[in-house]
Amino acid sequence: MKPHTDRGATVRRHKFRLVCLCAVVMWLATGERLQAQDWAALRQGMLAEIRDDVIATRAYIGKGKLRPEVMAAMARVPRHAFVPENVRAAAYANRPLPIGHGQTISQPYIVALMTDLLEPDPKDVILEVGTGSGYQAAVLAELAGDIHTIEIIPELADQARRRFNRLGYARIRTRQGDGYFGWPEAGPFDGIIVTAAADHVPPPLVRQLRKGGRMVIPVGHRFGVQQLLLITKGPEGKLQTRQVLPVRFVPLTGEH
Ligand code: SAM
């Protein structure tokens, strides 16, 4: 989805692209490693782009700002540590990037928005379906209690597990398998986030959502535009669904 932007936002976007381009040129020309402060500066540019996209899509999402704690989490997690070497210089561009096996790390704006919609609390137990690089799980780990994340591609699941260990994310548990069926022994969950698009909401995930819990999931045609849904389960178990935004995710695969 290409959001509409104002002139100020366009200028900021061009500046940020210029910084990214410089980073790429420096990377390619000198082979020099970017320092922590360079990454932090690029991360600030990414945050500015997220703010612009939130404003541009406020009519859909119903707010002009995400929660400060979500933006603070986005400012802390080193996205460059979650992408392959060959795209590392573009780690803070506000777009999805390839992570191998035909999969992507989601656009930062979408990661921030989905996190905001989930409203994670430090005591919450969260399930993520679609670990991918592990970036979304790491953002959630900054805000929630225990994170359980499932990835269907064994190589990506292994890679993410090693990455969480290396980066010290001790409260993220990773499982390889078909996330359509959830993780029943670890549930019920206060929040469920699905980062691949299904053509329907998986009933096992609905069952594993705690009363009062929230689920964020893209639903729709696998090669078309999907809708990002926010599903809330009331205290009596009644479901309410809000259609938030048109999105485009890779499909939820598996034999289900
Ligand atoms: N959350 C990820 C991140 O932060 O990098 C991005 C997820 S990527 C857009 C979607 C991921 O969902 C892919 O890694 C894909 O292999 C995985 N996936 C697709 N179908 C799945 C399924 N049935 N169960 C678990 N993971 C699945």
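Numbers for residues simply follow the sequence, beginning at 1. Just so it is clear, the structure is predicted and the values come from calculations on it, not from any experiment. As the structure lists them, so they are numbered: ligands from 1, and atoms in each ligand from 1.
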Interatomic spacing from NE2 in His148 to CG in Leu127 - rounded to 0.5 Å:
8.0 Å
Could you tell me, atom by atom, which parts of ligand 1 come under 4.0 Å of a heavy atom of Gly179?
22 (C), 23 (N), 24 (N), 25 (C)
Report, in ascending order of atom number, the atoms of ligand 1 lying under 4.0 Å from any heavy atom of Gly177.
24 (N), 25 (C)
A student checking ligand 1 against Gln136 at a 4.0 Å heavy-atom cut-off should list atoms 1 (N), 4 (O)
For Gly130, is at least one N or O under 3.5 Å away from an N or O on ligand 1?
yes
Partner of Tyr169 by side chain to side chain contact (heavy atoms under 4.5 Å, CB included), out of Val77, Thr174, Ile147, Leu140:
Val77
Within the 4.0 Å heavy-atom cut-off, what Glu151 brings close to ligand 1 is both
Under 4.0 angstrom from ligand 1, any heavy atom of Gly254?
no
For Leu156, the atoms of ligand 1 under 4.0 Å from one of its heavy atoms are 14 (O)
Determine, using heavy atoms of Thr131 and all atoms of ligand 1, whether some pair is separated by less than 4.0 Å.
yes
Tyr109 with Tyr60, same ILVMFWY side-chain cluster at under 4.5 Å
yes
Using the ring of each side chain (for Trp, its six-membered ring), is Trp39 parallel, tilted or perpendicular to His80, with breaks at 30° and 60°?
parallel
Contact check: Thr195 vs ligand 1, nitrogen or oxygen atoms, below 3.5 angstrom:
yes
Identity and distance of the protein heavy atom lying nearest atom 20 (N) of ligand 1
Thr253 N, 2.9 Å
Candidate pair Ile150 and Glu128, rule side chain to side chain contact (heavy atoms under 4.5 Å, CB included), full reasoning:
CA-CA 6 Å; Ile150 310 179; Glu128 180 195 28; over 6 Å; no
In terms of atom number and element, which parts of ligand 1 are under 4.0 angstrom from non-hydrogen atoms of Tyr135?
4 (O)
Between Val247 and Ile110, is any pair of side-chain heavy atoms under 4.5 Å apart?
yes
Compute the shortest N/O to N/O distance between Ile152 and ligand 1 and return yes if it is under 3.5 Å, no if not.
yes
I need the atoms of ligand 1 closer than 4.0 Å to a non-hydrogen atom of Ser133, numbered in the order shown.
3 (C), 4 (O), 5 (O)
Does any N or O atom in Ser106 lie less than 3.5 angstrom from one in ligand 1, N or O only?
no
Heavy-atom contacts with Asp178 under 4.0 Å: which atoms of ligand 1 show up? List them by number with element.
22 (C), 23 (N), 24 (N)
Heavy-atom closest pair (Thr195 atom, Gln136 atom, distance to 0.1 Å) is CG2-CG, 4.3 Å
Any His101 heavy atom less than 4.0 Å to ligand 1
no
Using a strict 4.0 Å cut-off to heavy atoms of Thr104, name the atoms of ligand 1 that fall inside it.
6 (C), 7 (C), 8 (S), 9 (C)
Give me the residue, atom name and distance of the protein heavy atom closest to atom 13 (C) of ligand 1.
Gln103 OE1, 3.2 Å
Flag the pair Gln243 / Leu229 as yes when at least one side-chain heavy-atom distance between them is below 4.5 Å, and no otherwise.
yes
Can you give me the closest heavy-atom contact between Gln208 and Phe181, atom names plus distance?
NE2-O, 3.0 Å
Side-chain donor or acceptor of Asp116 paired with backbone N/O of Arg67 under 3.5 Å:
yes
Cation over ring, Arg79 on Tyr92, under 6.0 Å and within 45°?
no
Got Pro120 and Thr115 here, is their nearest side-chain heavy-atom distance under 4.5 Å?
yes
Could you tell me if any non-hydrogen atom of Pro251 lies under 4.0 Å from any atom of ligand 1?
yes
Answer with side chain, backbone, both or neither: which part of Val250 has a heavy atom less than 4.0 angstrom from an atom of ligand 1?
side chain
